[in-house]
Amino acid sequence: MYKHILFATDLSDESDFVISKVRAMRDFTHAKLSLIHVVEPMPGYSYAYLGIEDIEGQLIEESRTALAKLGNALNVDKKDQFVEVGPTKSKIQEIAESIGVDLIVCGSHGRHGLSLLLGSTANAILHGAKCDVLVVRLPE
Ligand code: AMP
């Protein structure tokens with residue numbers, strides 16, 4: 001069965017439903033669990049426009065705090081919690097490969113046009129991953 005699960009979380013309230021599935025999957029497989037949240041870099045002009053120098057730094061700090069809280073709830077070691085900056089899809093793929101996970105769990109919104117069946121991030125993860133992916137359908 002699975003030995004190492006990576007839970008990709010957007011840290012939204014909606015992720016509670018996915019968390020319950022992650023917990024169940026971990027209990028079922030006794031796999032190690034790692035967490036990742038990706039902060040997308042902001043375009044340069046937004047810094048100048050908003051006049052705030054370190055918005056990204058603040059976002060990263062907030063993400064670290066929120067991920068640590070989730071890590072606490074899910075009993076995940078600090079060293080297995082990743083806050084990365086970059087394009088969401090490639091960062092998830094990169095970390096998944098570097099730590100050798102065999103399952104990625106993510107949610108799916110499936111709200112918009114072309115992404116009717118899968119959210120765009122879920123879709124990207126599914127197509128790029130070299131391991132299995134569990135896409136948890138979020139309730140309407
Ligand atoms: P979306 O395609 O934006 O509806 O997101 C679908 C799923 O992708 C979410 O439920 C998360 O599991 C994952 N996800 C979205 N954004 C991020 C992010 N910034 N970092 C990590 N995972 C994410």
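Atoms considered below: every heavy atom in the structure, side chains included; atoms not considered: hydrogens, waters and symmetry mates. Each ligand, and each atom within it, is numbered from 1 in the order the structure gives.
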> Does an N or O anywhere in V105 fall below 3.5 Å from an N or O of ligand 1?
Replying inline: no

>> With a heavy-atom distance limit of 4.0 Å, tell me whether T88 approaches ligand 1 through its side chain, its backbone, both, or neither.
In response: side chain

> What pair of heavy atoms forms the shortest contact from T29 to Y2, and how long is it?
Replying inline: CB-O, 3.7 Å

> Partners of D102 by side-chain hydrogen bond (donor to acceptor under 3.5 Å, both in side chains), sequence neighbours excluded?
Replying inline: none

>> Closer than 3.5 angstrom, by distance alone: can the side chain of Q93 be matched with the main-chain N or O of A129 as a donor-acceptor pair?
In response: no

> Shortest non-hydrogen contact from A122 to V135?
Replying inline: CB-CG1, 4.1 Å

> Are E40 and T88 close enough that a side-chain donor and a side-chain acceptor fall under 3.5 Å?
Replying inline: yes

> Who's closest to atom 8 (O) of ligand 1 heavy-atom-wise, of V135, T121, L67?
Replying inline: T121

> Which heavy atom of H37 sits nearest a heavy atom of T9, and at what distance?
Replying inline: ND1-O, 2.8 Å

> At their closest point, which heavy atom of A31 faces which heavy atom of H4, and how far apart are they?
Replying inline: CB-N, 3.9 Å

>> If you measure every N or O of V38 against every N or O of ligand 1, does any of those distances drop under 3.5 Å?
In response: yes

> Near C106, which atoms of ligand 1 are under 4.0 Å from a heavy atom of that residue?
Replying inline: 12 (O)

> Counting each atom of ligand 1 from 1 as listed, which ones have a heavy atom of S120 under 4.0 Å away?
Replying inline: 2 (O)

> What part of L11, side chain from CB on, backbone N/CA/C/O, both or neither, has a heavy atom under 4.0 Å from ligand 1?
Replying inline: neither

> S108 to ligand 1: N or O pair under 3.5 Å?
Replying inline: no

>> Please work out, at 4.0 Å between heavy atoms, whether the side chain, the backbone, both, or neither of T9 comes within that distance of ligand 1.
In response: backbone

> Is there a nitrogen or oxygen of A8 sitting under 3.5 Å from a nitrogen or oxygen of ligand 1?
Replying inline: yes

> Are any of the heavy atoms in A122 under 4.0 Å away from ligand 1?
Replying inline: yes

>> Could you work out, with salt bridge (charged side-chain N to carboxylate O under 4.0 Å, His left out) as the rule, every residue matching K79, not counting sequence neighbours?
In response: none

> Atoms of ligand 1 less than 4.0 Å from I36 heavy atoms?
Replying inline: 21 (C)

